[in-house]
Amino acid sequence: MQKIKISPSILSADFSQLGAEIKKLEAAGADLIHVDVMDGHFVPNLTIGPPIIKSLRKFTKIPFDVHLMISPVHKYIKDYADAGADIITIHPEATDNLLESIKLIKSLNKKVGVSLNPETSLDELYPVISQVDLVLIMSVNPGFGGQKFIQETIDKIKKLKAKLNELNLKIEIEVDGGINFENSKSIIQSGADILVSGTTIFKSNKGNIKKNIEILKSN
Ligand code: DX5
Ligand code: ZN
């Protein structure tokens, strides 16, 4: 039986209480903490950077799954590694040389993810697929929480899963954006290993994050 991991996105958390929110997520059974870093340039929103991640590190031992929606990304990678990121996920469009950026993340002893936007083809990933630990499939256009899941993502996940099986690669598929109690089962069945959720986890069932994580895991 596949063990699904849940990576709650703190983009939907109370930014005035991020330390306490992270402790609540750990107590509620989160497997990872998804940290959405946005620069107002790669995406039309601005969130947090290395100093805040550094200050949050002491609140939990569970891995920081840092999603860098910033461009250019290469020159900032070390700052996020030093701040306490455990997984550093980048977008191909945000670097001049995806393989060099992947190598840099690995040289810093961090796990590396590559994130594909809805309109970005799996073909962008295949030249470097054997070098990554994780693939983050965006099921919304990045920038904001609370958007609607793009249904075509299911087919993309299935195609990627088939490719990983064909190449016999043990790489985790993480899906990010618009995940809820209605679509999570089909996302898992299509091949997802990790679900990112902000709105569903923080807002459903009167904000009962433990219950919401359990429901997503139980599908
Ligand atoms: C969007 C972020 C997602 C988003 C997920 O750019 O990358 O992680 O916060 O939030 P929900 O679950 O609200 O779609
Ligand atoms: Zn994200």
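Start at 1 and go down the list; that is how both ligands and their atoms are numbered.
- Within 4.0 Å of ligand 1, protein heavy atoms belong to Ser9, Leu11, His34, Asp36, Met38, His67, Met69, Met138, Pro142, Gly143, Phe144, Gly145, Gly146, Asp176, Gly177, Gly178, Val196, Ser197, Gly198, Thr199, listed by chain and number.
- Under the 4.5 Å side-chain heavy-atom criterion for ILVMFWY residues, no single connected hydrophobic cluster contains both Phe144 and Phe202.
- Between Asp31 and the options Lys3, Lys5, Lys61, a salt bridge (Lys or Arg N to Asp or Glu O under 4.0 Å) holds for only Lys3.
- Salt bridge annotation for Lys103-Glu100: present, with a cationic side-chain nitrogen under 4.0 angstrom from a carboxylate oxygen.
- Side-chain contact, Ser7 with Asp65: a donor N or O sits under 3.5 Å from an acceptor N or O.
- For the residue pair His74 and Thr95, no side-chain donor N or O sits within less than 3.5 Å of a side-chain acceptor on the partner.
- Using a 4.0 Å cut-off between charged nitrogen and carboxylate oxygen, Lys24 and Glu21 count as a salt-bridge pair.
- Side-chain atoms of Asn117 do not come within 3.5 Å of backbone N or O of Met138 as any donor-acceptor pair.
- Hydrophobic clustering places Ile10 together with Phe64 (ILVMFWY residues linked when any side-chain heavy atoms are closer than 4.5 Å, directly or through intermediates).
- Thr47 and Asp36 form no side-chain donor-acceptor contact under 3.5 Å, judged by distance and modelled atom types alone.
- Only protein N, O or S atoms were considered, and those under 2.8 Å from the Zn ion (ligand 2) are His34 NE2, Asp36 OD1, His67 ND1, Asp176 OD2.
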